[in-house]
Amino acid sequence: MLVTGGAGDVGSRVVRALSAAGHDVVAGSRRTGVDLVTGAGLGAALQGAEAVVHTASSDRRVRRVEVEGLRHLTETAARTGARPHIVTVSIVGCDRIAIPVYRAKVEAERVLQASGLPGTVVRATQFHAFATYVAQVLRLGRAAFSIGSMRIQPVDVEWVARRLAEHAVGPAPTGFCRGRDLAGPTVYDLRDLTGLLAEHSGARTPRVVRVPPILRAMRDVSQGRLLAGREALVGGRTFEEWLEQQPTVLPRQRRVPG
Ligand SMILES: NC(=O)c1ccc[n+]([C@@H]2O[C@H](COP(=O)([O-])OP(=O)(O)OC[C@H]3O[C@@H](n4cnc5c(N)ncnc54)[C@H](OP(=O)(O)O)[C@@H]3O)[C@@H](O)[C@H]2O)c1
(Lines give C-alpha, C1' and ligand atoms only; values in the text may rest on other atoms or scores of the structure.)
Protein backbone atom coordinates (compact mmCIF):
# COMPACT_ATOMS: atom_id res chain seq x y z
CA MET A 1 0.00 0.00 0.00
CA LEU A 2 1.15 3.55 -0.67
CA VAL A 3 0.04 6.48 1.47
CA THR A 4 0.94 9.82 -0.12
CA GLY A 5 1.45 12.51 2.50
CA GLY A 6 2.21 9.62 4.83
CA ALA A 7 3.88 11.92 7.38
CA GLY A 8 0.94 14.31 7.55
CA ASP A 9 -1.83 14.69 10.08
CA VAL A 10 -4.25 12.23 8.49
CA GLY A 11 -1.68 10.34 6.39
CA SER A 12 0.47 9.27 9.36
CA ARG A 13 -2.64 7.85 11.03
CA VAL A 14 -3.60 5.96 7.87
CA VAL A 15 -0.07 4.50 7.79
CA ARG A 16 -0.43 3.41 11.43
CA ALA A 17 -3.88 1.86 10.88
CA LEU A 18 -2.72 -0.09 7.81
CA SER A 19 0.52 -1.24 9.45
CA ALA A 20 -1.36 -2.34 12.57
CA ALA A 21 -3.61 -4.45 10.33
CA GLY A 22 -0.51 -6.17 8.95
CA HIS A 23 -0.17 -4.44 5.57
CA ASP A 24 3.10 -3.41 3.96
CA VAL A 25 2.93 0.36 3.76
CA VAL A 26 5.08 2.93 2.01
CA ALA A 27 4.68 6.43 3.45
CA GLY A 28 5.33 8.56 0.40
CA SER A 29 6.18 12.23 0.66
CA ARG A 30 9.11 14.50 -0.12
CA ARG A 31 10.90 13.46 3.05
CA THR A 32 10.92 9.86 1.79
CA GLY A 33 11.87 10.86 -1.77
CA VAL A 34 8.37 10.90 -3.30
CA ASP A 35 7.40 14.25 -4.82
CA LEU A 36 4.01 14.45 -6.48
CA VAL A 37 4.81 17.76 -8.15
CA THR A 38 7.96 16.60 -9.93
CA GLY A 39 6.96 12.93 -10.09
CA ALA A 40 10.24 11.89 -8.42
CA GLY A 41 10.09 8.50 -6.73
CA LEU A 42 6.50 7.84 -7.76
CA GLY A 43 7.16 4.87 -10.04
CA ALA A 44 9.11 3.00 -7.36
CA ALA A 45 6.60 3.87 -4.63
CA LEU A 46 3.72 2.53 -6.75
CA GLN A 47 5.41 -0.77 -7.46
CA GLY A 48 3.24 -3.59 -6.17
CA ALA A 49 0.81 -1.19 -4.47
CA GLU A 50 -2.72 -2.59 -4.59
CA ALA A 51 -4.10 0.59 -3.13
CA VAL A 52 -3.02 4.18 -2.68
CA VAL A 53 -4.43 6.46 -0.01
CA HIS A 54 -3.75 9.93 -1.33
CA THR A 55 -3.52 12.50 1.46
CA ALA A 56 -0.60 14.66 0.24
CA SER A 57 -1.45 18.31 0.32
CA SER A 58 0.06 21.74 0.74
CA ASP A 59 -1.42 24.96 2.03
CA ARG A 60 0.89 27.05 -0.17
CA ARG A 61 0.87 25.05 -3.40
CA VAL A 62 -2.63 23.64 -3.24
CA ARG A 63 -3.29 23.28 -6.96
CA ARG A 64 0.17 21.95 -7.78
CA VAL A 65 0.05 19.23 -5.15
CA GLU A 66 -3.66 18.46 -5.17
CA VAL A 67 -4.44 18.59 -8.88
CA GLU A 68 -1.19 18.23 -10.80
CA GLY A 69 0.16 15.89 -8.14
CA LEU A 70 -2.79 13.56 -8.45
CA ARG A 71 -2.48 13.70 -12.23
CA HIS A 72 1.18 12.66 -11.96
CA LEU A 73 0.15 9.81 -9.68
CA THR A 74 -2.56 8.47 -12.01
CA GLU A 75 -0.41 8.92 -15.14
CA THR A 76 2.54 7.15 -13.54
CA ALA A 77 0.26 4.29 -12.55
CA ALA A 78 -1.11 4.08 -16.11
CA ARG A 79 2.39 4.17 -17.62
CA THR A 80 3.62 1.33 -15.47
CA GLY A 81 0.49 -0.74 -16.12
CA ALA A 82 -0.50 -0.65 -12.45
CA ARG A 83 -4.20 -0.34 -11.54
CA PRO A 84 -4.19 0.44 -7.83
CA HIS A 85 -7.37 1.50 -6.06
CA ILE A 86 -6.81 5.19 -5.33
CA VAL A 87 -8.59 6.56 -2.27
CA THR A 88 -8.45 10.34 -1.90
CA VAL A 89 -9.58 12.59 0.89
CA SER A 90 -11.56 15.64 -0.13
CA ILE A 91 -13.68 18.20 1.72
CA VAL A 92 -17.43 18.19 2.44
CA GLY A 93 -19.07 21.02 0.55
CA CYS A 94 -16.08 21.68 -1.73
CA ASP A 95 -18.45 21.90 -4.71
CA ARG A 96 -20.71 24.38 -2.88
CA ILE A 97 -18.18 26.95 -1.69
CA ALA A 98 -16.44 29.54 -3.86
CA ILE A 99 -12.92 29.32 -2.42
CA PRO A 100 -9.88 28.50 -4.62
CA VAL A 101 -8.77 25.65 -2.32
CA TYR A 102 -12.17 24.03 -2.65
CA ARG A 103 -12.18 24.47 -6.42
CA ALA A 104 -8.84 22.64 -6.47
CA LYS A 105 -10.38 19.78 -4.48
CA VAL A 106 -13.24 19.49 -7.01
CA GLU A 107 -10.73 19.56 -9.85
CA ALA A 108 -8.69 16.83 -8.17
CA GLU A 109 -11.80 14.68 -7.81
CA ARG A 110 -12.35 15.06 -11.57
CA VAL A 111 -8.75 14.06 -12.31
CA LEU A 112 -9.32 10.83 -10.44
CA GLN A 113 -12.64 10.22 -12.18
CA ALA A 114 -11.11 10.85 -15.62
CA SER A 115 -8.15 8.53 -14.93
CA GLY A 116 -10.24 5.39 -15.43
CA LEU A 117 -8.55 3.82 -12.39
CA PRO A 118 -10.57 2.35 -9.56
CA GLY A 119 -11.01 5.44 -7.42
CA THR A 120 -12.86 6.42 -4.27
CA VAL A 121 -13.28 10.02 -3.13
CA VAL A 122 -14.06 10.41 0.55
CA ARG A 123 -15.00 13.91 1.65
CA ALA A 124 -14.54 14.88 5.29
CA THR A 125 -15.47 17.95 7.30
CA GLN A 126 -12.82 20.06 9.05
CA PHE A 127 -10.44 18.23 11.38
CA HIS A 128 -10.58 19.41 15.02
CA ALA A 129 -7.10 20.96 14.74
CA PHE A 130 -8.17 22.96 11.70
CA ALA A 131 -11.36 24.11 13.42
CA THR A 132 -9.13 25.32 16.27
CA TYR A 133 -6.92 27.18 13.81
CA VAL A 134 -9.96 28.85 12.21
CA ALA A 135 -11.22 29.97 15.63
CA GLN A 136 -7.74 31.31 16.47
CA VAL A 137 -7.46 33.22 13.19
CA LEU A 138 -10.89 34.81 13.67
CA ARG A 139 -9.98 36.00 17.15
CA LEU A 140 -8.56 39.45 17.76
CA GLY A 141 -7.94 40.41 21.37
CA ARG A 142 -11.19 40.07 23.33
CA ALA A 143 -13.33 39.68 20.19
CA ALA A 144 -13.98 36.77 17.85
CA PHE A 145 -15.32 37.57 14.38
CA SER A 146 -17.96 35.25 13.06
CA ILE A 147 -18.67 35.30 9.34
CA GLY A 148 -22.43 35.73 9.44
CA SER A 149 -23.86 32.73 11.21
CA MET A 150 -21.05 30.37 10.20
CA ARG A 151 -21.21 26.84 11.57
CA ILE A 152 -18.91 23.86 11.25
CA GLN A 153 -19.07 20.18 12.09
CA PRO A 154 -15.46 19.25 12.90
CA VAL A 155 -14.33 15.67 12.81
CA ASP A 156 -11.77 13.50 14.57
CA VAL A 157 -8.80 13.00 12.24
CA GLU A 158 -8.03 9.61 13.82
CA TRP A 159 -11.51 8.33 12.98
CA VAL A 160 -11.25 9.69 9.42
CA ALA A 161 -7.89 7.93 8.97
CA ARG A 162 -9.40 4.60 10.01
CA ARG A 163 -12.26 5.00 7.53
CA LEU A 164 -9.75 5.78 4.73
CA ALA A 165 -7.72 2.70 5.65
CA GLU A 166 -10.91 0.59 5.50
CA HIS A 167 -11.59 1.82 1.97
CA ALA A 168 -8.04 0.92 0.97
CA VAL A 169 -8.22 -2.66 2.24
CA GLY A 170 -11.83 -3.21 1.18
CA PRO A 171 -12.94 -4.30 -2.29
CA ALA A 172 -11.89 -1.88 -5.02
CA PRO A 173 -14.70 -0.37 -7.09
CA THR A 174 -14.68 -1.11 -10.81
CA GLY A 175 -14.46 2.58 -11.64
CA PHE A 176 -14.87 5.88 -9.86
CA CYS A 177 -17.11 6.24 -6.82
CA ARG A 178 -17.83 8.56 -3.92
CA GLY A 179 -17.53 7.07 -0.44
CA ARG A 180 -19.86 8.36 2.23
CA ASP A 181 -18.97 11.81 3.53
CA LEU A 182 -17.39 11.76 7.01
CA ALA A 183 -18.38 14.22 9.71
CA GLY A 184 -18.15 14.75 13.45
CA PRO A 185 -21.15 14.31 15.73
CA THR A 186 -21.74 17.98 16.62
CA VAL A 187 -22.34 21.26 14.79
CA TYR A 188 -20.74 24.32 16.42
CA ASP A 189 -20.91 28.03 15.77
CA LEU A 190 -18.01 30.34 16.51
CA ARG A 191 -19.41 31.22 19.94
CA ASP A 192 -19.36 27.51 20.90
CA LEU A 193 -15.83 26.95 19.57
CA THR A 194 -14.22 30.06 21.06
CA GLY A 195 -16.04 29.41 24.35
CA LEU A 196 -14.71 25.85 24.54
CA LEU A 197 -11.19 26.94 23.62
CA ALA A 198 -11.23 29.72 26.23
CA GLU A 199 -12.51 27.34 28.91
CA HIS A 200 -9.81 24.83 27.97
CA SER A 201 -7.00 27.36 28.39
CA GLY A 202 -8.55 29.08 31.40
CA ALA A 203 -8.95 32.35 29.49
CA ARG A 204 -11.90 34.72 29.22
CA THR A 205 -14.53 33.86 26.60
CA PRO A 206 -14.30 36.40 23.79
CA ARG A 207 -17.21 38.53 22.67
CA VAL A 208 -18.50 37.29 19.31
CA VAL A 209 -18.93 39.96 16.66
CA ARG A 210 -20.81 39.06 13.50
CA VAL A 211 -19.24 40.22 10.27
CA PRO A 212 -21.79 40.54 7.45
CA PRO A 213 -21.06 37.92 4.79
CA ILE A 214 -20.47 40.32 1.94
CA LEU A 215 -18.50 38.04 -0.38
CA ARG A 216 -19.96 34.97 -2.03
CA ALA A 217 -17.64 32.56 -0.21
CA MET A 218 -18.58 34.18 3.09
CA ARG A 219 -22.28 33.71 2.30
CA ASP A 220 -21.64 30.07 1.41
CA VAL A 221 -20.01 29.48 4.80
CA SER A 222 -22.71 31.48 6.62
CA GLN A 223 -25.40 29.39 4.93
CA GLY A 224 -24.03 26.18 6.40
CA ARG A 225 -22.48 24.77 3.24
CA LEU A 226 -19.58 23.29 5.20
CA LEU A 227 -21.97 21.02 7.05
CA ALA A 228 -22.50 17.38 6.15
CA GLY A 229 -25.80 16.13 4.76
CA ARG A 230 -28.03 13.49 6.30
CA GLU A 231 -26.40 10.71 4.28
CA ALA A 232 -22.97 11.33 5.86
CA LEU A 233 -21.31 8.82 8.17
CA VAL A 234 -21.04 10.52 11.56
CA GLY A 235 -18.59 9.43 14.24
CA GLY A 236 -15.35 9.90 16.14
CA ARG A 237 -14.64 12.08 19.16
CA THR A 238 -16.51 15.32 19.62
CA PHE A 239 -14.54 18.56 19.67
CA GLU A 240 -14.85 18.62 23.48
CA GLU A 241 -13.49 15.05 23.79
CA TRP A 242 -10.60 15.87 21.47
CA LEU A 243 -9.85 19.10 23.32
CA GLU A 244 -9.63 17.27 26.66
CA GLN A 245 -6.61 15.40 25.29
CA GLN A 246 -4.80 18.51 24.05
CA PRO A 247 -2.27 20.65 25.94
CA THR A 248 -3.71 23.67 27.74
CA VAL A 249 -1.90 26.07 25.45
CA LEU A 250 -2.76 25.19 21.89
CA PRO A 251 -0.18 26.50 19.43
CA ARG A 252 -1.46 28.55 16.51
CA GLN A 253 -0.39 26.18 13.77
CA ARG A 254 -1.07 26.94 10.13
CA ARG A 255 -2.84 23.94 8.56
CA VAL A 256 -3.79 22.56 5.21
CA PRO A 257 -7.31 23.90 4.75
CA GLY A 258 -10.22 21.57 5.20
N1 LIG B 1 -7.26 19.81 7.57
C2 LIG B 1 -8.56 19.56 7.49
O3 LIG B 1 -9.39 20.03 8.28
C4 LIG B 1 -9.08 18.66 6.37
C5 LIG B 1 -10.44 18.36 6.29
C6 LIG B 1 -10.91 17.55 5.24
C7 LIG B 1 -10.00 17.07 4.31
N8 LIG B 1 -8.69 17.39 4.42
C9 LIG B 1 -7.76 16.89 3.42
O10 LIG B 1 -6.86 15.98 4.04
C11 LIG B 1 -5.64 15.95 3.30
C12 LIG B 1 -4.46 15.96 4.26
O13 LIG B 1 -4.57 16.98 5.19
P14 LIG B 1 -3.55 17.02 6.42
O15 LIG B 1 -4.08 18.07 7.35
O16 LIG B 1 -3.30 15.64 6.92
O17 LIG B 1 -2.23 17.60 5.70
P18 LIG B 1 -0.75 17.72 6.29
O19 LIG B 1 -0.68 17.31 7.72
O20 LIG B 1 -0.27 19.10 5.93
O21 LIG B 1 0.07 16.67 5.44
C22 LIG B 1 0.31 16.88 4.09
C23 LIG B 1 1.39 15.92 3.64
O24 LIG B 1 1.63 16.13 2.24
C25 LIG B 1 3.03 15.96 2.00
N26 LIG B 1 3.37 16.73 0.79
C27 LIG B 1 3.38 18.08 0.61
N28 LIG B 1 3.81 18.37 -0.63
C29 LIG B 1 4.09 17.19 -1.23
C30 LIG B 1 4.58 16.83 -2.50
N31 LIG B 1 4.92 17.76 -3.42
N32 LIG B 1 4.75 15.52 -2.80
C33 LIG B 1 4.47 14.57 -1.87
N34 LIG B 1 3.98 14.84 -0.64
C35 LIG B 1 3.81 16.13 -0.33
C36 LIG B 1 3.73 16.47 3.26
O37 LIG B 1 4.95 15.80 3.56
P38 LIG B 1 6.37 16.31 3.03
O39 LIG B 1 6.56 17.68 3.57
O40 LIG B 1 7.35 15.29 3.55
O41 LIG B 1 6.29 16.30 1.53
C42 LIG B 1 2.73 16.05 4.34
O43 LIG B 1 3.05 14.77 4.86
C44 LIG B 1 -5.71 17.13 2.33
O45 LIG B 1 -6.05 16.62 1.05
C46 LIG B 1 -6.84 17.98 2.86
O47 LIG B 1 -7.50 18.72 1.85
C48 LIG B 1 -8.19 18.16 5.43
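When a ligand or atom number is given, it counts from 1 through the structure's own listing order. On a predicted model such as this, the values are computed, not experimentally measured, just so you know.
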Undergrad: Regarding Y188 and E240, is there a side-chain donor-to-acceptor distance under 3.5 Å anywhere?
TA: yes
Undergrad: Any donor and acceptor pair, going by atom type alone, linking the side chain of R180 with main-chain N or O of E231 inside 3.5 Å?
TA: yes
Undergrad: Quick one: ligand 1 N/O to protein N/O pairs below 3.5 Å?
TA:
unit_1	atom_1	unit_2	atom_2	d
ligand 1	1 (N)	V256	O	3.1
ligand 1	3 (O)	F127	N	2.8
ligand 1	16 (O)	D9	N	3.3
ligand 1	16 (O)	V10	N	2.9
ligand 1	19 (O)	D9	N	2.8
ligand 1	24 (O)	S57	N	3.1
ligand 1	24 (O)	S57	O	3.3
ligand 1	31 (N)	D35	OD1	3.0
ligand 1	32 (N)	L36	N	2.9
ligand 1	39 (O)	R30	NH2	2.9
ligand 1	39 (O)	R31	NH2	3.4
ligand 1	40 (O)	S29	OG	2.8
ligand 1	40 (O)	R31	N	3.2
ligand 1	40 (O)	R31	NE	2.7
ligand 1	40 (O)	R31	NH2	3.4
ligand 1	41 (O)	R30	N	3.0
ligand 1	41 (O)	R30	NE	2.7
ligand 1	41 (O)	R30	NH2	3.4
ligand 1	43 (O)	G8	N	3.0
ligand 1	45 (O)	E66	OE2	3.4
ligand 1	45 (O)	K105	NZ	2.7
ligand 1	47 (O)	K105	NZ	2.7

Undergrad: Is the backbone of V67 close enough, under 3.5 Å, to the side chain of K105 for a donor and an acceptor to pair up by distance?
TA: no
Undergrad: Taking A131's backbone N and O only, do any of them form a donor-acceptor pair with Q136's side chain (distance below 3.5 Å, no angle check)?
TA: no
Undergrad: Ignoring hydrogens and angles, tell me if any N or O in the side chain of R139 forms a donor-acceptor pair with the backbone of G141 under 3.5 Å.
TA: yes
Undergrad: Ion pair present between R163 and E166, side-chain N to carboxylate O less than 4.0 angstrom?
TA: yes
